[in-house]
Amino acid sequence: MSQITMTQAINRAIDEAMAEDEGVILLGEDVAAKQGGGVFKISSGLTEKYGEQRIRATPISEQAIVGACVGAALAGFRPIAEIMLMNFVTVAMDQIVNHAAKLRFMSGGQTNVPMVIRTTTGVGVGFGGQHSDMLEAWFAHVAGLKVVTPSNAADAQGLMRAAIACNDPVIFIENILCYGQKSDDPGPGHVVPLGKARVAREGGDCTIVTYGRTVLDALEVAETLAAEGISVEVVDLRTIAPYDEATVTASVEKTGRAVVLHEAVKQYGAGAEIAARLNEKLFGRLKAPVARIGGAFSAVPMANALEQAWIPGKPAIADAVRGAMAWKG
Amino acid sequence: MTEPAIDRDKLRDIYTRTMRVARADEKFRSLLMTGKLAVIYYTVRGQELVSAAAMAALEPSDYLVTTYRGQHDQIAKGVPLNRLFAEIAGKAGGTCRGKGGSMHITHPASGVMVTTGVVGSGLPIANGLALASQNRGDGKVTMVCFGDGATNIGAFHEAMNMAQLWKLPVIFLCQNNRYGEHTAFADHTKVDSIVTRAAAYGMVGVKVDGNDAIAMYNTTKAAVDRARAGEGPTLIEAMCYRMLGHFFGSDFSYMPGEHLSEMAAEDPLPRLRRLMLDHQFSEAELDAIVADLDAQMEAAAEFAANSPLPGPEEIRRDVFEEEIAA
């Protein structure tokens, strides 16, 4: 079977959506052909096909980019905003939180904002404190936003199609370290519905609930632990908010143990919400407290040695699972 | 006799819109004063004519984005009074089923796409509406209204630059009412006029006496025509006064005495009345317009009073397209 990288997969999803609907447009810094098709080349080849009216390279103006997408969405378009890096999304928080997320509600359903904010981030490439954060919890906390992140190329393609088709605003988080990762090519027209998690590996002793790049770490850890006789199930959320609670609960009900893992800072992270809901649903049936693993409580450091100490490493993930297995109450 | 620089029907239209705004504002303040309504309300007293003349230059299908002090813009653009009154009162029969209130009036059928409670945030959104029109070639223009206070926030700068860069069919209408909340213009801005900023974006900028009906209408019409012809955006600075406090009931002792007397002398309502009489409209005709409007206000207030309260299930609706499970 032929393979596809995450970069190619996202490009294909946008390409397909643009071919189907004139209202799909892409706005962002450097995204047009003249600027090279985006810093991460996601929009490569699209200007040639759809023109500069639909692939609009913008000034460095995140509020204006997101605001223009909100307005175009209100008029019935399905705009995609490329915000180069997740930390830069913070510049546009007013447009996202006060407008994109709330206009459907505040208008009593008269208007809606079908837009996607694509952004990328990731710890491990030495970009330091203002280019690496995973801020998904900020957005998951806001009623009216959907938050999505793929862990593999095929899902990236399918989730992007679903995000563009969604009639509400979607924050679509890509990971810089995953762009080159390959999946089996799912072929054209592939759609992965929002709000549906994937059991990435089946197991019976402990569930690791995670999303994005750390799914890959979880799968490696599961392989390591299998050699120790521990059977780990890995649930890839794919949509962080609203997340597929049924799949997560069913998995943990089966295994009785859960480790919630994310690259974002652990404190007040999405893992806290998932752990709390597992307690609400399964208290008394859990064989160990739900464990949480996340990034350290500091800015992301630049030096590789510090960065690797900051990020939740595979040994720590494995230890958390072993700890859950050894729990005696 | 004054030489008419404006079509008589258009002048009557502007008068009717102005008085619709004025009588509605009067009605809201009376409902608040008598305790029949207890809500946050940003009075538009003093800015009636600016909106009326501007909206008279737009088509009903053109888009409008406005701000929390926006009842004049919404009413002049054509939002139905019953629904507007009910929304301000937080009733189920309101434009937004009581979920928006006066700061978030939305009525796409009248072209009112967004009313924002965040100063300056409407400008980037207006660009997007205009961008959609530009790509579709639907001939619509977008107007965004904001105050002088909104011109010192970053969104203003980003939006102005982007609009001019892409020659978007948008009209930036700054209603310079000389106060940003409690701070006088000279205490928040060093240049004399907002309109001088247009040059920084290579944009056409026009300053106009917003209380001069004919000048205000003609200025707006020229900007609308330019936008529709694909010639790009315009920044209009319409000089006016906010004749009462920041919000209903708030103290405005920070306004100096000479400002208050200058304001009273420039009151757009008697000034427009004189203009109408100069243009051979009779007192009786003008009075009849106002009497008809007052009947509409009574009906709207009654509609709002009788409209049911929204039920708690509304909290789960319109967060997303699909209702959230109870």
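Proteins get letters first, then strands, A, B, ... in listed order; numbering begins at 1 in each.
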Do any of residues 300-307 of chain B come closer than 4.5 Å to chain A, heavy atom to heavy atom, and if so which ones, in number order? none

Scanning both residues in full, the closest heavy-atom pair of A:Leu145 with B:Phe320 reads O-CZ, 3.5 Å

Proximity breakdown for A:Lys102 and chain B, heavy-atom pairs closer than 4.5 Å: neither

Counting heavy-atom pairs under 4.5 Å to chain A, which of B:Ala126, B:Pro124, B:Gly117 comes out on top? B:Pro124

Give the member of A:Val70, A:Ile65, A:Asp94, A:Val91 that has the highest number of heavy-atom pairs under 4.5 Å with chain B. A:Asp94

At a heavy-atom separation under 4.5 Å, does A:Asn112 approach chain B through its side chain, its backbone, both, or neither? neither

Quick one: does A:Gln53's side chain get under 4.5 Å of B:Gln134's, heavy atoms only? yes

With rounding to the nearest 0.5 angstrom, report the CG to SG distance, B:Asn127 to A:Cys69. 11.0 Å

Nearest 0.5 Å, what's the OG-NE2 distance between A:Ser107 and B:His104? 11.0 Å

Under the salt bridge (charged side-chain N to carboxylate O under 4.0 Å, His left out) test, residues paired with B:Asp318 that sit two or more places apart: B:Arg97, B:Lys99

Given side chains that start at C-beta, do those of A:Gln110 and B:Cys96 come closer than 4.5 Å, heavy atoms only? yes

Interface moiety of B:Val114 toward chain A, non-hydrogen atoms closer than 4.5 Å: side chain

Can you check whether A:Gln95 reaches B:Ile125 side chain to side chain, under 4.5 Å on heavy atoms? yes

Under a 4.5 Å cut-off applied to non-hydrogen side-chain atoms, are B:Ser121 and A:Asn98 in contact? no

What residue, out of A:Glu22, A:Gln63, A:Lys146, has the most heavy-atom pairs lying under 4.5 Å from chain B? A:Gln63

Chain B heavy atoms under 4.5 Å from A:Leu74: which part of the residue, side chain, backbone, both or neither? both

Which bit of A:Pro242 comes within less than 4.5 Å of chain B, counting heavy atoms only: side chain, backbone, both or neither? side chain

I need the A:Glu62 CD to B:Glu158 CD distance, nearest 0.5 Å. 7.0 Å

d(A:Phe105 CZ, B:Arg316 CZ) to nearest 0.5 Å is 11.0 Å

Find the one option among B:Ala132, B:Ser133, B:Gly154, B:Ala155 whose heavy-atom pairs under 4.5 Å with chain A are most numerous. B:Ala132

Between CD of B:Glu321 and CG of A:Asp168, what distance do you get to the nearest 0.5 Å? 6.5 Å

Between B:Asn161 and chain A, which part of the residue has a heavy atom less than 4.5 Å away: side chain, backbone, both or neither? side chain

Flag the pair A:Arg104 and B:Glu323 as a salt bridge only when some basic side-chain nitrogen lies within less than 4.0 angstrom of an acidic carboxylate oxygen. no

Using side-chain heavy atoms (C-beta onward) and a distance below 4.5 Å, is B:Leu129 in contact with A:Phe77? no

Using a distance-only test with no angle check, is there a side-chain donor-acceptor pair under 3.5 angstrom linking A:His99 and B:Thr116? yes

Most heavy-atom pairs under 4.5 angstrom with chain A, which of B:Ile324, B:Leu168, B:Asn135? B:Asn135

Quick one: does A:Arg56's side chain get under 4.5 Å of B:Leu131's, heavy atoms only? yes

Is it true that atom NE2 of A:His141 has more than 12 heavy atoms of other residues, nucleotides or ligands lying nearer than 6.0 Å? no

Against chain A, label B:Val319 side chain, backbone, both or neither, depending on which of its atoms sit under 4.5 Å from a heavy atom there. both

Checking heavy atoms, do the side chain of B:His107, its backbone, both or neither come under 4.5 Å from chain A? both

Near A:Ile60 CD1, under 6.0 Å, is it more than 12 heavy atoms from other residues, nucleotides or ligands? no

